[in-house]
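Step one of this worksheet: look at the structure below.
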Amino acid sequence: MEKYISNIKTPKISIAPMVDKSHRHFRYFCRIMNKEALLYSEMVTAQAIINGDLDRILYFREDEGSVALQIAASNPEDAYKAVKLAEKYNYSEINLNCGCPSDRVSGNLMGAALMSDKNLVYEILSAMKEATSKPITIKHRIGIDGTGVIDNKNNKIIMSGYEDLLDFLETVSKAQPDRYTVHARSAILKGLSPKDNREIPPLDYDIVYKLKQDFSYLNIEINGGFKSLESIEDALTKVDGVMIGRAAYEDCYLLANLNKINNKNKSTESISRGEVIKKYIPYVIEELEKGSNVHALAAPLQSLFQGQKGSKKFKQLLSSSNVKPETLIEILNNILEVMPPDILWN
Ligand SMILES: Cc1cc2nc3c(=O)[nH]c(=O)nc-3n(C[C@H](O)[C@H](O)[C@H](O)COP(=O)(O)O)c2cc1C
């Protein structure tokens with residue numbers, strides 16, 4: 001394994017790249033609750049950056065703090081161009097997606113399918129490194145099961161187990177990625193929807209922990225299934241960081257509670273749900289004035305009261321039929337009046 005010691009700052013927590021979820025309003029909302037986490041963009045294909053409206057695709061507000069851009073690419077040339085074009089936006093790092101099992105992505109030889117061609121991954125990462133002085137990171141799976149880059153028609157490629165993962169990383173590490181985010185579930189590239197592949201096959205954290213144990217100089221972040229402060233704290237004793245995906249939109253207030261990480265007596269005050277809403281209101285006003293989509297602005301709020309008294313009522317108030325550009329601020333102010341005060345302000 002290439003012994004490259006990156007001087008990148010690894011945040012203890014990051015919020016995963018998630019298409020249709022981790023857009024800039026969601027990230028702003030996350031940032032209100034957690035100042036330290038690294039926030040990822042949705043995956044953007046290199047081709048979309050090369051051919052698209054850059055400001056529409058890549059613009060984000062400075063007050064989102066540290067944001068990593070995730071790209072999907074199938075060749076070094078596109079990856080190089082996309083990273084160069086993204087240079088003028090203030091992303092703190094650029095990440096290569098080698099984990100997405102979607103046919104639309106893997107059929108185009110991107111995402112998890114790339115793991116079947118370690119040399120290509122090496123070349124793409126090297127091109128990204130050449131294009132920028134920013135940190136370049138990779139998000140990949142512990143393995144893949146299905147078709148790969150080399151022969152995506154008939155041959156079933158299975159890459160599973162620690163030895164196969166090491167074989168992949170030995171080549172990839174030569175490109176000196178600054179961090180490895182390892183999704184602890186194999187990607188199934190045929191016969192399972194991406195949604196089902198988020199539950200099947202089972203997670204295998206031990207393979208990720210072993211990687212860090214054997215190569216302590218690598219910057220390793222684990223991903224998959226983290227939903228509680230306790231499980232995240234436990235993982236942080238074994239790896240450098242934890243990436244949180246679905247929990248960030250299924251139970252978003254977790255992000256406020258994550259400020260308690262490593263605080264032995266857990267006394268750190270988290271921002272209250274009421275304060276979160278109060279801080280989000282001026283943002284919503286500004287963004288509505290700029291013409292931002294009202295449903296995208298309302299979406300990140302949906303799980304703020306998850307598991308709490310009044311959660312159902314909260315969701316009803318924010319239902320898509322109620323939410324309109326002329327009603328959203330009124331709804332948010334109303335929520336501050338009608339939700340149980342002990343839940344709003346504690
Ligand atoms: C709605 C949705 C969209 C996703 N989009 C991406 C993506 O764009 N890029 C990526 O690398 N992973 C994507 N993923 C996978 C997540 O980043 C993460 O690896 C996965 O959800 C496992 O983490 P979790 O168990 O904490 O949710 C997506 C997941 C979900 C649920």
Applying side-chain hydrogen bond (donor to acceptor under 3.5 Å, both in side chains) to N259 and S270, what does each step give before you reach the verdict?
CA-CA 7 Å; N259 292 312; S270 298; 5.1 Å; no

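- Taking the centre and axis of the six-membered ring of Y59, the NZ or CZ atom of R24 falls outside the cone set by 45° and 6.0 Å.
- Using the six-membered ring where Trp is involved, Y283 and H25 have ring planes that are perpendicular, over 60° apart on the 30 and 60° scheme.
- Formation of a donor-acceptor pair under 3.5 Å by the R31 side chain with backbone atoms of N34 is found in this model.
- Counted by atom type alone, Y162 and D214 present one or more donor-acceptor pairs between their side chains at under 3.5 Å.
- Rounding to the nearest 0.5 Å places CD of E286 at 11.0 Å from CG of L297.
- Side-chain contact annotation: D145 with S186, donor-acceptor N/O pair under 3.5 Å absent.
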Would you sort out whether F60 and Y91 count as a ring pair (Phe, Tyr, Trp, His ring centres under 6.0 Å), showing the intermediate values?
CA-CA 9 Å; F60 72 100; Y91 289 97; 4.5 Å; yes

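- Open room surrounds CD on E36; 12 or fewer heavy atoms of other groups in view lie less than 6.0 Å from it.
- Taking hydrophobic clusters as Ile, Leu, Val, Met, Phe, Trp and Tyr residues chained together by side-chain heavy-atom distances below 4.5 Å, I138 shares a cluster with I136.
- Side-chain contact, E221 with T181: a donor N or O sits under 3.5 Å from an acceptor N or O.
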What's the verdict on ring pair (Phe, Tyr, Trp, His ring centres under 6.0 Å) for F226 and Y205, showing C-alpha distance, side-chain angles and the deciding distance?
CA-CA 11 Å; F226 288 94; Y205 291 158; 4.8 Å; yes

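- One hydrophobic cluster, built from ILVMFWY side chains closer than 4.5 Å, holds both Y249 and L318.
- At a threshold of 4.5 Å between side-chain heavy atoms, the hydrophobic network of Ile, Leu, Val, Met, Phe, Trp and Tyr places L254 and Y280 in one connected group.
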